[in-house]
Number of protein chains: 2
Amino acid sequence: MHLRYIELFHAVLTTGSITAAAKLLNISQPAASKALQHAEDRLGFALFSRVRGRLQATPQALLMRDRIEKIIQDVHDLERLTKNMGQPGNCPLRVTCTPTLALTLLAGATTLLRKAIPDVMAELSTQHSAAMCESLTLRDTDIGLTLQDTGHQNLRQRVLCRGQVMVIAPPGWWPEKELTQPLPIEALANQPMIGITVRDALGRALHGHLAQVSPAPRIAVSVQTYQLAHALVAKGEGLAVVDPFTARCGDANSVQMRPLKPHLEVVLYAMHRPDNPLDPVQKRFLDLVRQLAQKMLAQR
Amino acid sequence: MHLRYIELFHAVLTTGSITAAAKLLNISQPAASKALQHAEDRLGFALFSRVRGRLQATPQALLMRDRIEKIIQDVHDLERLTKNMGQPGNCPLRVTCTPTLALTLLAGATTLLRKAIPDVMAELSTQHSAAMCESLTLRDTDIGLTLQDTGHQNLRQRVLCRGQVMVIAPPGWWPEKELTQPLPIEALANQPMIGITVRDALGRALHGHLAQVSPAPRIAVSVQTYQLAHALVAKGEGLAVVDPFTARCGDANSVQMRPLKPHLEVVLYAMHRPDNPLDPVQKRFLDLVRQLAQKMLAQR
DNA sequence: GGCCGCCCACAACCTCCGGTTATGCAAAGC
DNA sequence: GCTTTGCATAACCGGAGGTTGTGGGCGGCC
């Protein structure tokens with residue numbers, strides 16, 4: 001079974017026609033046609049029934065579909081890995097982070113770095129934690145910033161700084177003098193709130209704590225990213241409980257913020273592969289991230 | 001990336017030499033040598049360093065190893081599946097079961113079937129539950145017999161009959177008149193026993209119940225298959241708690257048996273693919289299995 | 001030390017797979 | 001009815017992937 005046949009089969013399944021599949025694989029239509037026939041009579045059964053000149057997948061083909069897709073995916077991953085291993089990145093700084101951190105921390109640290117080292121090159125991206133681990137092991141990127149403890153055993157994970165969960169509210173929600181004091185979680189009872197449906201560890205912890213508040217907060221809108229919650233709070237939709245970086249994002253006057261009373265810790269991690277130690281530029285960058293993070297958490 | 005290269009790379013990694021790998025793949029040594037070079041300069045980095053004429057995997061190669069093996073395995077599985085779909089089995093009855101059931105139930109039912117239909121063909125095998133599901137979906141076999149509820153969503157699972165967990169003991173252990181009565185689990189306290197380290201659901205259930213007995217049974221030997229426990233009990237090593245089929249295996253006088261007092265149910269399942277319904281021979285066979293199982297569970 | 005065996009690399013050669021272009025043909029669409 | 005769309009066939013070509021034959025470095029053994 002040649003990989004080409006597998007790819008072709010997959011392409012035909014997804015596109016629905018030989019011609020389109022051929023286009024997808026950058027080969028001519030007859031080549032695809034012939035290859036498919038070859039695959040079929042090597043297998044000993046038809047993959048597609050030709051009904052009125054069109055293709056229709058046979059039951060056998062459908063049974064193979066899942067496995068085929070898995071193989072395609074795995075081979076694709078392998079090729080990403082080998083490609084990234086082949087050409088030792090001329091780009092010294094490839095960083096990915098969760099969407100939460102992108103606009104504030106990552107953007108800020110990068111501009112600081114480019115002030116310090118004007119001509120440094122960088123590749124930035126955002127990913128959720130699981131995809132981040134995959135990208136790091138596949139060497140698509142070198143450093144990952146996240147608030148989640150992934151516990152990935154093949155990656156090194158270092159703590160950059162610690163903060164705490166914050167409650168944010170529309171401007172003028174709390175009297176000015178209360179702003180420095182923590183907000184007891186009971187004070188959220190029956191308040192209008194933006195729900196958080198984030199699936200990470202922090203999201204689950206928040207969910208667990210909020211479930212204990214009685215009467216429950218009034219949640220009309222739930223969001224999957226902290227930044228959306230921040231935007232909605234800024235528009236006056238209600239309160240939200242978010243990580244300390246999201247709390248500080250945007251204009252200083254866009255929201256009010258107070259620490260949550262049961263002190264919930266949020267940890268900023270940097271992840272990288274353990275094999276090759278960080279080079280000077282990368283170390284410098286992480287220093288800047290740490291400094292910026294600490295500065296952000298201290299302000300206001 | 002051609003599949004051939006992946007196979008070759010894997011073969012060289014496992015055998016440690018190009019020559020051996022070539023032999024494994026049934027090609028000549030120069031072919032393997034050339035292909036490996038081709039793969040390397042397509043990848044852009046060396047997979048093996050040639051040190052004093054021998055091969056040594058580079059760090060990059062080791063990083064690829066896991067993924068390569070996964071792909072090899074998946075492709076191998078796909079080929080099994082397609083091979084089994086290609087030639088519609090001329091063998092009407094392909095059955096697999098757990099080792100526990102093989103010698104008694106499967107062997108017995110098969111001989112009964114061959115008495116009823118003398119020239120019927122059959123393929124028998126034994127596998128543990130997880131591998132059994134794999135074999136069924138890959139169409140290596142058509143029917144699986146097991147005592148475990150696998151909960152596999154892509155397979156139909158029907159109940160053939162129900163029995164209960166038994167305690168077995170060396171001959172003469174219990175007075176004759178007690179044999180018909182259940183044995184309270186407390187009676188196992190401080191008794192010499194054969195430990196069961198089976199990882200299936202039944203094994204875990206037994207473990208949980210036995211943990212409550214105090215003082216704990218004296219376990220000198222632990223085994224991973226119920227049949228081994230039976231053999232050791234027959235040799236006088238102590239008591240054991242086993243499924244009702246193992247309890248009846250071998251010579252009628254080899255062990256004594258009594259039901260366990262907390263009535264622990266054991267269910268005999270037959271599994272098959274839902275797509276193609278059972279043919280008459282297969283139905284007949286399952287009938288025989290059910291009858292034989294009920295007869296076995298009734299006797300003694 | 002010299003011989004042998006093992007293992008890898010290179011050369012010359014061959015076959016056929018996987019690709020091309022050109023063309024035919026059946027069915028659907030306007 | 002003509003055009004369009006999509007698959008199949010034919011004729012051709014290059015190169016990947018296989019072969020045999022050979023040479024050279026290294027280790028083990030007498």
Side-chain angles (χ1 to χ4, degrees), chain A residues 1-58 60-62 68 71-72 75-76 78-79 82 86, chain B residues 1-58 60-62 68 71-72 75-76 78-79 82 86:
Chain A
M1 190 55 137
H2 292 238
L3 201 53
R4 210 67 231 254
Y5 295 161
I6 294 181
E7 289 172 339
L8 174 61
F9 172 70
H10 181 243
V12 174
L13 260 184
T14 52
T15 62
S17 92
I18 288 188
T19 309
K23 220 168 288 175
L24 199 65
L25 299 181
N26 274 323
I27 59 175
S28 67
Q29 171 267 319
S33 186
K34 200 168 59 165
L36 191 62
Q37 289 176 63
H38 192 189
E40 284 182 325
D41 62 52
R42 175 172 294 200
L43 287 174
F45 56 90
L47 290 170
F48 299 90
S49 54
R50 278 71 170 172
V51 48
R52 289 200 300 276
R54 305 298 166 110
L55 297 189
Q56 196 163 356
T58 61
Q60 288 95 326
L62 294 178
I68 293 278
I71 292 173
I72 297 273
V75 170
H76 182 229
L78 179 67
E79 277 169 356
T82 55
Chain B
M1 189 55 134
H2 291 236
L3 200 51
R4 211 70 236 262
Y5 294 160
I6 295 182
E7 288 173 339
L8 173 61
F9 172 70
H10 180 243
V12 175
L13 260 184
T14 53
T15 61
S17 94
I18 288 189
T19 310
K23 220 168 287 175
L24 199 66
L25 299 181
N26 274 321
I27 59 176
S28 68
Q29 171 268 318
S33 186
K34 201 169 58 167
L36 192 63
Q37 288 175 64
H38 192 187
E40 283 181 326
D41 62 52
R42 173 170 299 200
L43 286 176
F45 55 89
L47 290 170
F48 298 91
S49 53
R50 277 73 170 170
V51 48
R52 286 199 302 277
R54 303 298 166 113
L55 297 189
Q56 195 162 357
T58 61
Q60 289 96 326
L62 295 177
I68 292 277
I71 293 173
I72 297 272
V75 170
H76 182 230
L78 180 67
E79 276 170 355
T82 55

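Each chain gets a letter, A, B and so on, in the order the sequences are listed, and its residues count up from 1. Both backbone and side-chain heavy atoms feed into the values below; hydrogens, waters and symmetry mates do not. Because the structure is predicted, anything quoted here is derived from the model rather than measured.
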If you compare every side-chain N and O of B:His2 against the phosphate oxygens of D:dA16 (OP1, OP2), does one of them come in below 4.0 Å? no

OP1 or OP2 of C:dG18 sitting under 4.0 Å from any side-chain N/O of A:His38? yes

Checking the side chain of B:Thr82 only, and the main-chain atoms of A:Leu43 only, is there a donor and an acceptor separated by less than 3.5 Å? no

Q. Is any side-chain N or O of B:Thr19 closer than 4.0 Å to OP1 or OP2 of C:dC8?
A. yes

- Apply side-chain contact (heavy atoms from CB on, under 4.5 Å) to A:Arg42 and A:His2, showing your working. CA-CA 11 Å; A:Arg42 175 172 294 200; A:His2 292 238; 3.5 Å; yes

_Counting only side-chain nitrogens and oxygens, does B:Gln37 get under 4.0 Å of the OP1 or OP2 atom of C:dC10?_
yes

D:dA16 phosphate, OP1 or OP2: any side-chain N/O from B:Arg42 under 4.0 angstrom?
no

To the nearest angstrom, the CD-P distance between A:Gln56 and D:dG6 comes to 16 Å

Does any N or O in the side chain of A:Ser49 come within less than 3.5 Å of the main-chain N or O of A:Gln56, such that one atom is a donor and the other an acceptor?
yes

Ranking D:dT20, C:dG18, C:dC8 by distance to the side chain of A:Lys34, first place goes to C:dG18

Taking only the side-chain nitrogens and oxygens of A:Ser33, find out if one of them lies under 4.0 Å from OP1 or OP2 of D:dA8. yes

Rounded to whole Å, CD of A:Glu40 lies from C1' of D:dA8 at a distance of 13 Å

- Quick one: is B:Ser17 getting a side-chain N or O under 4.0 Å of the C:dC7 phosphate, OP1 or OP2? no

* Side chain A:Glu40, main chain A:Phe48, donor-acceptor under 3.5 Å -> yes

- Sugar-phosphate only, base, or nothing, as touched by A:Ala35 at under 4.0 Å among non-hydrogen atoms: nothing

Using only atom types and a distance under 3.5 Å, with no angle test, would you say the side chain of A:Ser33 pairs donor to acceptor with the backbone of A:Gln29?
no

### Task
Using a cut-off of strictly less than 4.0 Å, decide whether B:Arg4 has a side-chain nitrogen or oxygen near OP1 or OP2 of D:dG18.
yes

Which of D:dG21, C:dC8, D:dG18 is nearest the side chain of B:Gln29? It is C:dC8

- Item | Phosphate OP1/OP2 of C:dG18: any A:Tyr5 side-chain N/O under 4.0 Å | yes

